[in-house]
Amino acid sequence: TAPTGTSSAVRPDIYVVRLAARYPILDNLDVGFSLPLITTKTSSRYVAQVLQGQNEVGRFVNQGVNTPEVEGNELFDNPLDQIDFPGGFREGTNFDVGNLVIDTKVGIPLPSDSFALGGRLELRLPTGREDRFTGTDTTGIRMFLLASYQQEYFGAYFSGGYEQDFSTNQLSNGVVSASVTASPWERIMFEAGVNANFYV
């Protein structure tokens, strides 16, 4: 007997609230932290199959759950959190914190108020958990170059740098982000941008 299973229509619902704060030390130097609070709920229809011998295994591979010879089918139509799989998938827990990030940012004085240059250093601590899909289990450090152009109604922002993950002891990621903003009314800003990670 060869037990196997198939899962379909998986639906993950992920909600993230970010707890963050900043404190200015000098006119061009501040420090801050960011901690994601993550709620995850994954639902799926899971069909457990019990196949009697290698021939039925082969037919199941070719035809899936419609194989007529499959015996002992059992349908679980519950969230995966609530199904007692061997090993305990997520063990019924759907709330965790992500990786805590502590950072400092410094600005470079420029003669123009429209342009700004600076740098940011981030320390990522392993408060997230890979087995719960909320972060990494390792410590890392990221270094960024920051640049921006801001007018009364429009702005453009860019950052780029590298991340060192101490579990691999190498520069593991290139990190780039860029965005444009529009502020047609006071206290309201619209932003569109892209973030990209480049893995070695």
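Both backbone and side-chain heavy atoms feed into the values below; hydrogens, waters and symmetry mates do not.
In plain terms, the two heavy atoms of P126 and T139 that are nearest each other are CD-OG1, 3.3 Å. Closest approach of T134 to I38, counting heavy atoms only: O-CD1, 3.7 Å. Closest approach of A147 and L117 over heavy atoms only: CB-CD2, 3.6 Å. When every heavy atom of S148 is checked against every heavy atom of Y157, the shortest pair comes out as CB-CD2, 3.3 Å. Contact detail for F33 and D103: the closest heavy-atom pair is N-OD1, 4.1 Å.
Under the salt bridge (Lys or Arg N to Asp or Glu O under 4.0 Å) criterion, D30 pairs with R22, not counting sequence neighbours. Residues that satisfy the side-chain hydrogen bond (donor to acceptor under 3.5 Å, both in side chains) test with E152, not counting sequence neighbours, are absent from this structure. By the side-chain hydrogen bond (donor to acceptor under 3.5 Å, both in side chains) test, Y153 pairs with no residue at all, sequence neighbours left out. N28 pairs by the side-chain hydrogen bond (donor to acceptor under 3.5 Å, both in side chains) definition with nothing, not counting sequence neighbours. In terms of the side-chain hydrogen bond (donor to acceptor under 3.5 Å, both in side chains) criterion, residue partners of S177 (sequence neighbours excluded) are, by chain and number, S159. Not counting sequence neighbours, F154 has no partner by the ring pair (Phe, Tyr, Trp, His ring centres under 6.0 Å) test. In this structure R18 satisfies the salt bridge (Lys or Arg N to Asp or Glu O under 4.0 Å) test with no other residue, sequence neighbours excluded. In terms of the ring pair (Phe, Tyr, Trp, His ring centres under 6.0 Å) criterion, F158 has no residue partners (sequence neighbours excluded).
Residue pairs that meet the salt bridge (charged side-chain N to carboxylate O under 4.0 Å, His left out) test with at least one member in residues 174-197, sequence neighbours left out, do not exist here. Applying the side-chain hydrogen bond (donor to acceptor under 3.5 Å, both in side chains) rule to pairs touching residues 114-128 yields R120-E122, E122-R142, R124-T136, R124-T138, R124-E163, R124-D165, sequence neighbours excluded.
Atom NZ of K105 sits about 13.0 Å away from atom CG of L121, to the nearest 0.5 Å. Rounded to the nearest 0.5 angstrom, L123 CG and L100 CG are separated by 8.0 Å. To the nearest 0.5 Å, atom CD1 of residue I141 and atom CZ of residue F166 are 5.0 Å apart. The structure places CD1 of I102 at 5.0 Å from CG of L125, a figure rounded to the nearest 0.5 Å.
Applying the under-4.5 Å side-chain rule to Ile, Leu, Val, Met, Phe, Trp and Tyr, the cluster around V31 extends to Y23, I25, L26, L29, V106. Taking Ile, Leu, Val, Met, Phe, Trp and Tyr as members and joining any whose side-chain heavy atoms lie under 4.5 Å apart, directly or through other members, the hydrophobic cluster of I188 also contains W185, F190.
Under the 4.5 Å side-chain heavy-atom criterion for grouping Ile, Leu, Val, Met, Phe, Trp and Tyr, Y149 is connected to I108 within one hydrophobic cluster. Residues V101 and V175 do not share a hydrophobic cluster, defined by chaining ILVMFWY side chains whose heavy atoms lie under 4.5 Å apart.
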